[in-house]
Undergrad: 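Shown below is the structure under consideration.
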Amino acid sequence: MTVAIRSRVTGVGGFVPPRIVTNDDLAELMDTSDEWIVERTGIRRRHWVDPETSTSDLALEAANAALISASVDKEDIDMLIVATLSSDHFFPGTACFLQTKMGISEIPALDIRQQCTGFIYATSIADQFIRTGMYQKVLVIGAEIHSKGLDISTEGRDVTILFGDGAGAVVLESTEVDTAEDPQILSTHLHADGSGATDLWLPSPGMAFPDGLVTHEHLDRGDQYPQMNGRAVYVNAVKRMSEGIQDALATNEVSLDDVDLFFFHQANLRINEAVAQRLGIPPEKVYNTIHKYGNTTAATIPLGMRDAVDDGTLQPGMLVACGAFGSGFTWGSMLIRW
Ligand code: COA
């Protein structure tokens, strides 16, 4: 490898709201049980925001923590990218609200709507801007509030038990590399298959409705709540996350054994166990957070990275593979030399 411009992760940050909601707490609100949830998903608790908190508030906490971790001043950031499916408002994007809360202005502020694959899409976009030399420092944030948008009743239990609130962020900086051993994002791989769009979606508000963006009929039908074909999502998640990891390894001519740590999107522990089993990854190499956070969608991977740095699991020099799958369907992977 000759000298090349790449991006590298120089800081990570994360934030979950203080309120913990256990499976037993949910069982008081709907017909479910700790036993059912743990057995089917591995989730034991999740965090929910208080009523006053918005997605950009969570993003702000994670962004500030990532800036401190990278020792980068907010004024030196060239671009903000926020991945979220739970934006503060229908428009403008959450990145604009975040930018004002951060007290910086005029740099581009971009929202990415790729759901559980959002962080990988956002990181890939940031990586392209850095590789071309256009930007030197990009702040990438995944932030989600699910709790305010779920059907908290027995009717919505299949979806509601899965999700939690939180945010994670990374600072990506331009770096000159000589070899693949230098810290850098080695490659990113993005995919989508829109034929699965309605297997996991939130129909309303939406411009596709002939009767308007959001109507009483939509609300009576529950179109404002996420709707999921759990089986289809499960089967495709296992298949596509496995393919994504294989893609990343093949592109970089490395083997599974070369990878030190895997960050999979955390939707269901059984999905991640099935991916690991399919590929032959030892369980101790998969960093799971689902038991304590549930599915935090675009926040999941950076939040996991933050925890892994804090507890000493993720160390400089490690080869890290990330894989995600989500609504769209969208999926993606990336290989990082930490
Ligand atoms: N508590 C108790 N019972 C529940 C329940 C809950 N929270 N949710 C569903 N059930 C019931 C169902 O009503 C069904 O009852 P029935 O047999 O009387 O009809 C039974 O449990 C089995 O439901 P089923 O949907 O077949 O369970 P499952 O084993 O497929 O698990 C999921 C359901 C949602 C956990 C599973 O499909 C899954 O994880 N899918 C992927 C979801 C995902 O990853 N989403 C995010 C992707 S980014």
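Order of listing sets the numbers, starting from 1, for every ligand and every atom in it.
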Undergrad: Report yes if R40 has an N/O atom closer than 3.5 Å to an N/O atom of ligand 1; otherwise report no.
TA: yes
Undergrad: Distance alone, cut at 3.5 Å: any donor-acceptor contact between the side chains of T313 and D311?
TA: yes
Undergrad: One residue to check: V159. Relative to ligand 1, which of side chain, backbone, both or neither has a non-hydrogen atom less than 4.0 Å away?
TA: neither
Undergrad: Between D182 and R6, does any side-chain N to carboxylate O distance fall below 4.0 Å?
TA: no
Undergrad: Can a donor-acceptor pair be found between the side chains of E173 and T10 at a distance below 3.5 Å?
TA: yes
Undergrad: Between D127 and S124, does any side-chain donor sit less than 3.5 Å from a side-chain acceptor?
TA: no
Undergrad: Looking only at protein heavy atoms, identify the closest one to atom 41 (C) of ligand 1 and say how far it is in Å.
TA: G230 O, 3.5 Å
Undergrad: Does a salt bridge link E243 with R240, judged by any charged N lying under 4.0 Å from a carboxylate O?
TA: yes
Undergrad: Heavy-atom distances under 4.0 Å decide this one: backbone, side chain, both or neither, for D158 against ligand 1?
TA: both
Undergrad: Would you kindly specify which portion of I37 sits under 4.0 Å from ligand 1, judged on non-hydrogen atoms: side chain, backbone, both or neither?
TA: neither
Undergrad: Can you find a side-chain donor-acceptor pair between E144 and S86 that sits under 3.5 Å?
TA: yes
Undergrad: Fit a plane to each ring of H191 and W331, take the angle between them on a 0 to 90° scale, and name the class: parallel (under 30°), tilted (30 to 60°) or perpendicular (over 60°).
TA: parallel
Undergrad: What part of L200, side chain from CB on, backbone N/CA/C/O, both or neither, has a heavy atom under 4.0 Å from ligand 1?
TA: side chain
Undergrad: Answer yes or no: is there an ion pair linking R19 with D50, defined by an N-O contact shorter than 4.0 Å?
TA: no
Undergrad: Considering the heavy atoms of N295, write down every atom of ligand 1 situated less than 4.0 Å from one of them.
TA: 46 (C), 48 (S)
Undergrad: Quick test: of every protein heavy atom, which one is nearest to atom 38 (C) of ligand 1, and how far off is it to 0.1 Å?
TA: N268 ND2, 3.6 Å
Undergrad: Number the atoms of ligand 1 from 1 as they appear, then name those within less than 4.0 Å of a heavy atom of I271, with their elements.
TA: 44 (O)
Undergrad: Would you say the side-chain atoms of H146 and N295 include a donor-acceptor pair closer than 3.5 Å?
TA: no
Undergrad: Which heavy atom of T297 sits nearest a heavy atom of H265, and at what distance?
TA: O-CE1, 3.5 Å
Undergrad: Mark up the atoms of ligand 1 that fall under 4.0 Å of a heavy atom belonging to F325, in ascending order.
TA: 48 (S)
Undergrad: Considering only protein heavy atoms, which is closest to atom 7 (N) of ligand 1, and at what distance to one decimal place?
TA: T32 OG1, 3.2 Å
Undergrad: Should you measure from each heavy atom of C116, which atoms of ligand 1 turn up under 4.0 Å away?
TA: 48 (S)
Undergrad: Would a 4.0 Å cut-off, counted as strictly less than, catch a protein heavy atom around atom 18 (O) of ligand 1?
TA: no
Undergrad: Any chance the side chains of D88 and S56 put a donor and an acceptor closer than 3.5 Å?
TA: yes
Undergrad: Is there any N or O on F163 that sits under 3.5 Å from an N or O of ligand 1?
TA: no
Undergrad: Write down the atom of T84, the atom of T55, and the distance for their closest heavy-atom approach.
TA: OG1-CG2, 3.7 Å
Undergrad: Got the closest protein heavy atom to atom 30 (O) of ligand 1, with its distance?
TA: R231 NH2, 3.9 Å
Undergrad: Would a search of protein heavy atoms around atom 3 (N) of ligand 1 find one under 4.0 Å away?
TA: yes
Undergrad: Where is the nearest protein heavy atom to atom 12 (C) of ligand 1: which residue, which atom, and how far?
TA: R157 NH2, 3.9 Å
Undergrad: Among all protein heavy atoms, pick the one closest to atom 44 (O) of ligand 1 and tell me residue, atom and distance.
TA: A267 CB, 3.2 Å
Undergrad: Looking at atom 47 (C) of ligand 1, what's its closest protein heavy atom, distance included?
TA: V233 CG1, 3.4 Å
Undergrad: Salt bridge or not between R221 and E217? Use side-chain N to carboxylate O under 4.0 Å.
TA: no
Undergrad: May I ask you to list the atoms of ligand 1 that are less than 4.0 angstrom from any heavy atom of I161?
TA: 7 (N)
Undergrad: Looking only at protein heavy atoms, which one is nearest to atom 42 (C) of ligand 1, and what is the separation?
TA: M228 SD, 3.6 Å
Undergrad: If you take the nearest heavy atom of each of W36, Y234, W331, which one is closest to atom 20 (C) of ligand 1?
TA: W36
